[in-house]
Number of protein chains: 2
Amino acid sequence: MRSDAQANREKVLAAAEEVFGETGSTGSTEEIARRAGVGIGTVFRHFPTKQLLVEAAVVGHLTRLTDTVRERIGGGEPGTAFRATFREMVSDAPAKLALVALLEEPADPTDAPDDAEAAASALRDAVGALLSQGQDAGEVRADATVDDVYVLIGALVSAQADRTLVDRAVDIVLDGLSPRRSE
Amino acid sequence: MRSDAQANREKVLAAAEEVFGETGSTGSTEEIARRAGVGIGTVFRHFPTKQLLVEAAVVGHLTRLTDTVRERIGGGEPGTAFRATFREMVSDAPAKLALVALLEEPADPTDAPDDAEAAASALRDAVGALLSQGQDAGEVRADATVDDVYVLIGALVSAQADRTLVDRAVDIVLDGLSPRRSE
DNA sequence: CATCATACGGAGTCGGCACTCCGGAACGCA
DNA sequence: TGCGTTCCGGAGTGCCGACTCCGTATGATG
């Protein structure tokens, strides 16, 4: 790959993460091209489909997020670790929003083995590990599943409201995720 | 107003509630016209703007919802009443989705006094009454506000997941809304 | 039943966006 | 430095959805 091509690809990806972070996969390709300082043609040469561009942007976010989650596994304070991760994932709305948009569309069997899906399930596994760790320590309600956590995060992510309000909502939800009285 | 015009207006409104209920204000005007069995022109004569059509559809939903909420105020079982309402509002996703879309767009000062806003705040008041009632009875955590409740409902509404999963999430959130241990 | 204001239908316009195409740079190797 | 290959830019295409326009139909009224 020629060096200018490589550079452009990166500029486009950065612009895409930026734009999708603001508008959640609704952002137009033209806008991305403009911010990247390249022509539309260039965007489409590197990412032949908008879908692919979204995926590429999302994979970046997810991988980074997965890394930080993994670092917490096995550390002390399982409850705190779980809650911190939960909060972070809600704030990482950009990535999640895009991911949500991505997963919404019906899985096409003709797809090549999907990077985005791989990244998503890696994250899911890491979150799952953190969750069971919290449960083993008796700091997270025992009957909660990764699915539950995901639904709740997904919900909070797509709530459009002041940061402050969402933070309050997160606290309430985390209370709901704490061990039940009877336990 | 001519009788056929009246009839058509109602058919369009019904179709609009149906379509927006499925797609959340993304549904196309053509689709609505088709389901109503009228031409597009007719839709636009009654509702000159898509925005107005959305509002009209939403006002219907909201008013009905407000009525059922009001009926619960002052009845027995404040905690149950509150929780039932919470669950219903989450399931009434269609109305809320549309409302969300509606409220998202910047309030235009040139708007006439807005039906939709009036309907929305009536609902909010009713929910507020139910909430304080539950709190007075010690069945809902004391520090929760109507805003909190709205954010949580809004979040759960826009979670896209199986009915079953969302129901579990609602249970968890309602646990978070129950009185704190220390209370 | 005649008349006309009121409605209707749907082809057509306009704008926006994903995606294509190709003439003209820019790279990198000898 | 010369040259073939790889890239780039951005005007152009096709599609889709909101909205308009006007010839035609139909309810109301005397």
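Residue numbering restarts at 1 for every chain, and letters A, B, ... go by the order of the sequence lines.
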Query - A:Ser3, nearest nucleotide to its side chain (from D:dT26, C:dC19, C:dC27) - result: C:dC27
Query raised in the report: Is B:Ser28 near enough to D:dG17 that one of its side-chain N or O atoms lies under 4.0 angstrom from OP1 or OP2?
Result: no
Query raised in the report: Among C:dC19, D:dC7, D:dA18, which is the nearest nucleotide to the side chain of A:Asp4?
Result: D:dC7
Report task. Check whether any side-chain nitrogen or oxygen of B:His46 sits under 4.0 Å from OP1 or OP2 of C:dA7, and answer yes or no. Result -> no
**Report entry** No-hydrogen, no-angle side-chain donor-acceptor test under 3.5 Å, B:Asp167 and B:Thr164
**Finding:** no
Query - Of the listed nucleotides D:dC19, D:dC7, C:dA7, the one nearest the side chain of B:Met1 - result: C:dA7
**Report entry** Closest to the B:Arg45 side chain, choosing from C:dG10, C:dA7, C:dC27
**Finding:** C:dA7
Query raised in the report: When the distance from CZ of A:Phe44 to C1' of D:dA11 is rounded to whole Å, what number comes out?
Result: 14 Å
Report task. Determine, step by step, whether A:Arg34 and A:Glu30 satisfy the salt bridge (Lys or Arg N to Asp or Glu O under 4.0 Å) criterion, reporting the C-alpha distance in whole Å, the side-chain angles of both residues, the deciding distance to 0.1 Å, and the verdict. Result -> CA-CA 6 Å; A:Arg34 187 145 28 81; A:Glu30 268 183 63; 5.9 Å; no
Requested in this report: By nearest nucleotide on DNA chain C, pick out whichever of A:Thr49 and B:Gly37 is the more 5' one.
Outcome: B:Gly37
**Report entry** Atom-to-atom span, CD of B:Glu31 to P of D:dC16 - whole angstrom
**Finding:** 14 Å
**Report entry** Atom-pair distance (CD on A:Glu10; P on D:dC8), nearest Å
**Finding:** 12 Å
Report summary line: Here the gap from B:Arg9 atom CZ to B:His46 atom NE2, rounded to the nearest 0.5 Å, amounts to 7.0 Å
Report task. Figure out the CD/C1' separation between A:Gln51 and C:dC19, and round it to whole Å. Result -> 15 Å
Query raised in the report: Minimum heavy-atom separation for B:Leu13 to B:Ala56, with atom names?
Result: CD1-CB, 3.7 Å
Query raised in the report: Whole Å only: how far is the CZ atom of B:Phe47 from the P atom of D:dC19?
Result: 14 Å
Requested in this report: Look at B:Thr42 and C:dG9 and indicate whether a side-chain polar atom (N or O) is within less than 4.0 Å of OP1 or OP2.
Outcome: yes
**Report entry** N or O in side chain of A:Asn8 less than 4.0 angstrom from D:dC7 OP1/OP2
**Finding:** no
Query raised in the report: Between B:Thr29 and B:Gly41, who's closer to the 5' end of DNA chain D by nearest nucleotide?
Result: B:Thr29
Report summary line: Checking C:dA18, C:dA7, D:dG10 against the side chain of A:Ile40 (C-beta onward), the nearest is D:dG10
Report summary line: From the list A:Glu88, A:Glu77, A:Gln133, side chain to side chain donor-acceptor pair (under 3.5 Å) with A:Arg72 holds only for A:Glu88
**Report entry** Spacing between B:Ile32 atom CD1 and C:dG10 atom P, to the nearest angstrom
**Finding:** 17 Å
Report task. Figure out the CD/C1' separation between B:Gln6 and C:dA7, and round it to whole Å. Result -> 13 Å
Query raised in the report: What integer distance in Å separates B:Arg2:CZ from D:dA25:C1'?
Result: 8 Å
